[in-house]
Amino acid sequence: MDAVFRALGDPVRLALVDELARRNDQTLFELCVRLINRGHSLSRQAVAKHVAVLRDAGLVQLTASGRTTIHHLDPTVLVEAQAQLAHITKELL
């Protein structure tokens with residue numbers, strides 16, 4: 001779970017997760033364009049590195065379709081993180 005919170009701690013990666021939550025199954029090109037529309041001007045290589053961190057944390061899955069790679073958000077990891085945060089906040093309240 002530590003890797004998940006580290007991955008979500010970066011504003012660009014959080015924006016990527018938000019984009020995939022809004023429109024799942026996107027290519028890297030689509031993610032780059034949508035990040036630019038949100039004010040993040042990053043190269044394709046920089047976005048790919050951010051996606052790799054999200055993938056390593058288990059938040060994003062990749063599916064190859066010919067020469068195209070599709071990125072999918074895995075909500076189960078987010079549900080686990082939410083449950084952990086709920087447990088912590090329950091202890092505080």
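Heavy-atom basis, side chains included; hydrogens, waters and symmetry copies ignored.
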Contacts under 3.5 angstrom, residues 20-36 side chains, donor-acceptor by atom type, not counting sequence neighbours:
unit_1	atom_1	unit_2	atom_2	d
Arg22	NE	Asp18	OD2	3.0
Arg22	NH2	Asp18	OD2	3.4
Arg23	NH1	Glu19	OE1	2.9
Asn24	OD1	Leu73	N	2.8
Asp25	OD1	His72	ND1	2.3
Gln26	OE1	Arg34	NH1	2.6
Gln26	NE2	Glu19	O	3.2
Gln26	NE2	Arg23	O	2.6
Thr27	OG1	Glu30	N	3.2
Thr27	OG1	Glu30	OE1	3.4
Glu30	OE1	Thr27	N	2.7

Show the atom names and distances, to 0.1 Å, of all donor-acceptor pairs under 3.5 Å that link a side chain in residues 2-11 to residues at least two apart or in another chain.
unit_1	atom_1	unit_2	atom_2	d
Asp2	OD2	Arg6	NE	3.3
Asp2	OD2	Arg6	NH2	2.6
Asp10	OD1	Val12	N	2.8
Asp10	OD1	Arg13	N	3.2

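Placement of Val53 and Val77 in two distinct hydrophobic clusters is found when ILVMFWY residues are connected by side-chain heavy-atom separations under 4.5 Å, directly or transitively.
Residues passing the side-chain contact (heavy atoms from CB on, under 4.5 Å) test with Ala46, sequence neighbours excluded: Leu42, Ser43. Partners of Ser41 under the side chain to side chain donor-acceptor pair (under 3.5 Å) rule, at least two apart in sequence or in another chain, do not exist in this structure.
Taken to the nearest 0.5 Å, the CG atom of Leu54 stands 10.0 Å off from the CG atom of Leu62.
Pairs engaging residues 78-90 under the side chain to side chain donor-acceptor pair (under 3.5 Å) rule: none recorded [sequence neighbours left out]. Residue pairs that meet the salt bridge (charged side-chain N to carboxylate O under 4.0 Å, His left out) test with at least one member in residues 48-61, sequence neighbours left out, do not exist here.
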